[in-house]
Amino acid sequence: MGLEIPLPNGIPLNRRQKSILEEYDKLKEIGSGTYAKVFQLRHKKTGIVTAGKVLRPEHFPSNTENRVVMMFVNEIQLLAKSQCPGTVKLFNVEWSHDGILLNLEYVDGGTVWKEQVCPTPLLRWTHLVQLVQGVQHLHSQGVVHRDLKPTNILRTTNGLLRIADFGWAETINKLKSSNGEWPGTLEINPPEVLTFSGPLTERIDNYAVGMNFLLFISNRFVCRQKSVEVNAAANVILKMVSSLRTAKKTPPNFTVETWELFLGLTHPDPVQRWSLLQVCHHPWIVRNYLQFVSDRAASHTLDCVLWHEPTRKIFQSYRVVPPLPSHTPPSLLHRVFPRAFADHHHHRHRDKDEQQT
């Protein structure tokens, strides 16, 4: 089948003599895509409920079967390599004559693609920080997701995010040398992808983080009309995002600081697009962390969502600064948070210098 044995992070790979689903009861279909279907499964012996992503190669024309299987194999390898609290858990992989099964964590809260996904300041902050941590881990493993649309970001009923569907994922090294293509969802891809101009780097994902941040803050998202053909859709989307970025009036719930974050993450030039480390040092991120950590009810939430050790250390380094009211003007923040502002601008210039060298 072309999979490395063992899979990264010790994920079991099991060859079944009969069917890939012989040990499971199929409860219901919960999703489908171009190449696979996802079912809610229950293990016949343990009763554990999981999400099973199933590929059946025999359903594809013979001239495309090998290509589809290799895409699925690549997805398995990169998902196994990227395992962390911010990605959907892969328990095991089953394969047999009737297909391939990814046995995944069943996430009970749906996705972030819903009305009023983040109705409170705490949820807006925790959703962005969780997504940033998950993408940081992917990039540290040399993986670019390339399809971070809201329906690929799962959420538990406790508000914990899980990045899912690695069908368009690629290693950073292969991405930089690959031919231009339109991967995944056009609405969350940056100009260098939609115009085939490159360079293709991990900052493709940073742009998608920014587009999801738009949803978290304003409950709005850039969507093309279904009547627009794919060949014309890229230009339509680019114009929509450009108009949004240059509009005199910002979308609902944005402040000067959160709008700066959105603009930085969605910069059309990948060289100038903000790094995720820079996001972690942004004053809005730091100030809200300090406010939430001083709130007994919110501090428990922080313990659950801050799992990425480098990010946790960044935030903990700011705890010597007392929290300020949410209405504190930016001019005063420069005086009270000189380190945050200094680090924020230092990382902006350092990232730009590194991209140019």
Side-chain angles (χ1 to χ4, degrees), residues 8-9 78-90 112 124-150 152-155 159-166 168-173 175-176 184 188-190 200-216 258 261-262 264-267 270-286 288-289 292 301-318 340 343-344 346-348 350-352 354-355:
N9 288 308
L78 297 184
L79 174 58
K81 186 177 183 180
S82 301
Q83 290 291 282
C84 68
T87 60
V88 65
K89 184 173 179 59
L90 175 61
V112 300
R124 293 166 192 160
W125 187 89
T126 57
H127 275 52
L128 176 61
V129 169
Q130 287 186 82
L131 186 56
V132 165
Q133 290 177 102
V135 177
Q136 281 180 314
H137 179 78
L138 264 61
H139 293 176
S140 72
Q141 300 302 304
V143 176
V144 184
H145 189 280
R146 299 205 296 169
D147 197 20
L148 286 169
K149 59 185 176 183
N152 283 341
I153 303 171
L154 310 182
R155 186 172 73 167
L160 302 180
L161 301 191
R162 303 283 191 267
I163 297 172
D165 197 343
F166 281 62
W168 282 105
E170 190 55 275
T171 64
I172 293 175
N173 290 337
L175 179 67
K176 291 179 178 180
I188 51 89
N189 271 291
L200 300 183
T201 70
E202 63 272 21
R203 294 200 178 189
I204 291 173
D205 287 346
N206 298 19
Y207 185 94
V209 170
M211 297 307 293
N212 281 281
F213 187 50
L214 174 68
L215 177 67
F216 299 160
T258 52
L261 271 170
F262 171 74
L265 282 166
T266 59
H267 199 291
V271 174
Q272 298 185 55
R273 190 173 305 142
W274 286 10
S275 71
L276 299 180
L277 181 60
Q278 184 180 340
V279 172
C280 292
H281 283 287
H282 189 271
W284 180 80
I285 296 289
V286 174
N288 277 278
Y289 168 74
F292 296 142
T301 300
L302 295 185
D303 291 337
C304 297
V305 302
L306 291 177
W307 52 266
H308 188 244
E309 192 58 31
T311 303
R312 185 195 294 267
K313 288 181 178 178
I314 289 173
F315 291 152
Q316 288 177 341
S317 71
Y318 288 112
D343 286 347
H344 169 61
H346 166 71
H347 286 291
R348 285 185 68 177
R350 189 184 70 177
D351 292 334
K352 186 174 181 179
E354 289 177 351
Q355 289 284 330

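Pairing each heavy atom of Thr266 with each of Met211, the nearest pair is CG2-SD, 3.8 Å. Listed here is the closest heavy atom pair of Ser82 and Val143: OG-CG2, 3.7 Å.
Of the possible donor and acceptor atoms, one in the side chain of Lys81 sits under 3.5 Å from a partner among the backbone N and O of Gln141. Arg273 contributes no side-chain N or O that, together with a main-chain N or O of Asn206, makes up a donor-acceptor pair within less than 3.5 Å. A donor-acceptor contact shorter than 3.5 Å links the side chain of Gln83 to the backbone of Val88.
Checked against side chain to side chain contact (heavy atoms under 4.5 Å, CB included), Cys84 has the following partners two or more places apart in sequence or in another chain: Thr87, His137, Trp307. Among residues two or more places apart in sequence or in another chain, the salt bridge (charged side-chain N to carboxylate O under 4.0 Å, His left out) test is passed with Arg162 by Glu105. Listed by chain and residue number, Lys53, Glu75, Asn152 satisfy the side chain to side chain contact (heavy atoms under 4.5 Å, CB included) test with Asp165 (two or more places apart in sequence, or in another chain).
Trp284 places a side-chain heavy atom less than 4.5 Å from the side chain of Leu128. At least one side-chain heavy atom of Asn212 sits under 4.5 Å from a side-chain heavy atom of Pro150. The shortest distance between side-chain heavy atoms of Val144 and Leu138 does not fall below 4.5 Å. Here the side chains of Gln133 and Pro310 are not in contact, with every heavy-atom distance at 4.5 Å or above. Looking at Ile153 and Leu131, their side chains come closer than 4.5 Å, going by heavy atoms from C-beta outward. Side-chain contact check for His127 versus Arg155: some heavy-atom pair is nearer than 4.5 Å. Considering only heavy atoms from C-beta on, Phe315 comes within 4.5 Å of Ile285 through its side chain.
Considering His145, Arg146, His139 in turn, His139 is the only one that fulfils the side chain to side chain donor-acceptor pair (under 3.5 Å) rule with Asp205.
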What's the verdict on side chain to side chain contact (heavy atoms under 4.5 Å, CB included) for Tyr207 and His267, showing C-alpha distance, side-chain angles and the deciding distance?
-> CA-CA 8 Å; Tyr207 185 94; His267 199 291; over 6 Å; no

Derivation of the side chain to side chain contact (heavy atoms under 4.5 Å, CB included) call for Leu276 and Leu265 | CA-CA 8 Å; Leu276 299 180; Leu265 282 166; 4.2 Å; yes

Give the intermediate values and the outcome of side chain to side chain contact (heavy atoms under 4.5 Å, CB included) for residues Leu175 and Ile204.
-> CA-CA 10 Å; Leu175 179 67; Ile204 291 173; 4.1 Å; yes

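Between atom CZ of residue Phe292 and atom CH2 of residue Trp125 there is a gap of 7.0 Å, rounded to the nearest 0.5 Å. Expressed to the nearest 0.5 Å, how far CG of Leu79 lies from NZ of Lys89 amounts to 10.5 Å. Here Thr126 contributes atom OG1 and Leu306 contributes atom CG; the two are 9.5 Å apart, rounded to the nearest 0.5 Å. Rounding to the nearest 0.5 Å gives a distance of 9.5 Å between SG of Cys280 and OH of Tyr318. Here CG of Leu160 is found 5.5 Å from CD of Gln130. Values are rounded to the nearest 0.5 Å. Expressed to the nearest 0.5 Å, how far OG1 of Thr201 lies from CD1 of Ile172 amounts to 8.5 Å.
Residues Trp274 and Phe213 place their aromatic rings such that the two centres sit no closer than 6.0 Å.
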